[in-house]
Amino acid sequence: MHYISTRGTLADQSFSQILLGGLAPDGGLYLPAEYPQVTPAELDTWRTLSYADLAYEILKKFATDIPDADLHALAHKTYTAEVYRNVRSGEDASRITPLRLVEENGGTKLMLQALSNGPTLAFKDMAMQLLGNLFEYALACQHAELNIFGATSGDTGSAAEYAMRGKKGIRVFMLSPHKKMSAFQTAQMFSLQDPNIFNLAVDGVFDDCQDMVKAVSNDLEFKKKHKIGTVNSINWARVVAQVIYYFRGYLSATTSNEQKVSFTVPSGNFGNICAGHIARMMGLPIDKLVVATNENDVLDEFFRTGIYRVRKSAETYHTTSPSMDISKASNFERFVYDLVGRDGARVRALFAKVETQGGFDLSGKPGSDGDEFAKVPQFGFVSGKSTHADRVATIRDLYQKHDLMIDTHTADGVKVAREHLTPGVTMIVLETALPAKFNETIREALGRDAERPAGFENIEDLPQRFEVMSTDIDKMKAFIAAHTGL
Ligand SMILES: *Cc1c(COP(=O)(O)O)cnc(C)c1O
């Protein structure tokens, strides 16, 4: 299996070669040269596999340059009931992503697939935990080290820290805006005592943190000397890890491959649903892929009109489903590449236009950049949008009707999923976080606190380990240099 760039100017790479990287050198995103295919017979034998064994079968198709025995061990080390233990009471942690029937209308099922049972109670653990083990493995093979440097306003940073804690050859330096995260999120990150994790609380806002990351990324000499890398959502291995749970969800919801299933995905950077697209391209019988956005509706606009228009900061709203508050969708380019018939030159031109003019138009109308929007239905994509009022109403509705408490992001998904039900086709909504992470909105909707999984009851009281920093780049570089020993 070889990997290419969506912008078409790259020699073929292997899985291991792109594992530790982000963007391709030409500014594009990595994708396999062709999608591996899954036969119906294979699907039948996969239906009864454990999550770890299924993960192994799928990883094997993408990571062809890692020995099978090593991949098998990595999959079994990652997907355990101990790591994904934060299930709802009555659910079986060994299933890793258990499915639950929410409601059934005239024989059409609406189900929830729990992806948030990992250590940080959000779906990013599904991929990040594998990445931690893959990175440690790859670095050991190369006798190399890696210093992960990033900025977070919550979810991604904590998922990265929990995935990399205690890993040999890896340190994490994570910037966050001082006193701007929720008490729960702060406690999750800052209570980690592992010596390879450095929480840097910056006196400023999230944008200041991101600017600091950019400043370091642009200093190529420093980056190289201190072996700086990132783990953002465009990392290819993260996308592959997410492909696995679409297979698991489909296979658990069906008894035969004649049956189709649709997925609704609370979306921001298009990483999660991009994995669904890849599963569908591999031959998984997915009917529709429903993109659910919040008020930040860049993606909903595209899937309704064919116009992709990134938002300015002033047009990017802070919502109560904050992990979907995006101005542009960093993984979207992967889908556009397939949509325009895998034409790297077209993708390069379209995304150059995103830089210069803030977007592109594939609606086929006079003056547009192309007419490929007409092909979107072939890929199964549809979309919808949900607002704060919708989230609150949906959280209340599921709690009152089904005694089921869901978080704000998942509520966006359920709201949009209900608008896209097809008679006889099971709809699976991906649960991307547990309600404990977004207690304020749960209180607003239900007048009570969110349930907290065991072990999280008093997390805010644990001792915290962090450094407060100014936005001074040189001081930050000095801190990194002092702690990498390089
Ligand atoms: C990251 C995140 C999302 C958005 O996922 P994308 O891959 O960026 O589309 C949705 N919900 C939660 C809780 C998240 O943490």
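Position 1 is the first residue of the sequence; numbering continues from there. Below, all heavy atoms of this structure are taken into account, side chains as well, without hydrogens, waters or symmetry copies. One-based numbering, in listed order, for ligands and for the atoms of each.
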I'd like to check the salt bridge (Lys or Arg N to Asp or Glu O under 4.0 Å) partners of R7; sequence neighbours left out, ordered by chain and number. E333
Taking everything shown except E440 itself, do over 12 heavy atoms lie less than 6.0 Å from its CD? no
Has R342 got its NZ or CZ under 6.0 Å from the middle of the six-membered ring of Y35, at an angle within 45 degrees of the ring axis? yes
Centre of F373's six-membered ring, under 6.0 Å away, within 45 degrees of the axis: is that where NZ or CZ of R304 sits? no
Report the relative orientation of the aromatic rings in F190 and F466; use parallel for angles under 30°, tilted for 30 to 60°, perpendicular for over 60°. parallel
So what's ligand 1 close to, N/O to N/O, under 3.5 Å?
{"from": "ligand 1", "atom 1": "7 (O)", "to": "G271", "atom 2": "N", "distance (Å)": "3.2"}
{"from": "ligand 1", "atom 1": "7 (O)", "to": "N272", "atom 2": "N", "distance (Å)": "2.9"}
{"from": "ligand 1", "atom 1": "8 (O)", "to": "N269", "atom 2": "N", "distance (Å)": "2.7"}
{"from": "ligand 1", "atom 1": "9 (O)", "to": "G268", "atom 2": "N", "distance (Å)": "2.8"}
{"from": "ligand 1", "atom 1": "9 (O)", "to": "N269", "atom 2": "N", "distance (Å)": "3.3"}
{"from": "ligand 1", "atom 1": "9 (O)", "to": "F270", "atom 2": "N", "distance (Å)": "3.1"}
{"from": "ligand 1", "atom 1": "11 (N)", "to": "T432", "atom 2": "OG1", "distance (Å)": "2.9"}
{"from": "ligand 1", "atom 1": "15 (O)", "to": "K124", "atom 2": "NZ", "distance (Å)": "2.6"}
{"from": "ligand 1", "atom 1": "15 (O)", "to": "D155", "atom 2": "OD2", "distance (Å)": "2.7"}

How are the rings of F381 and H277 set to each other: parallel, tilted or perpendicular (split at 30° and 60°)? tilted
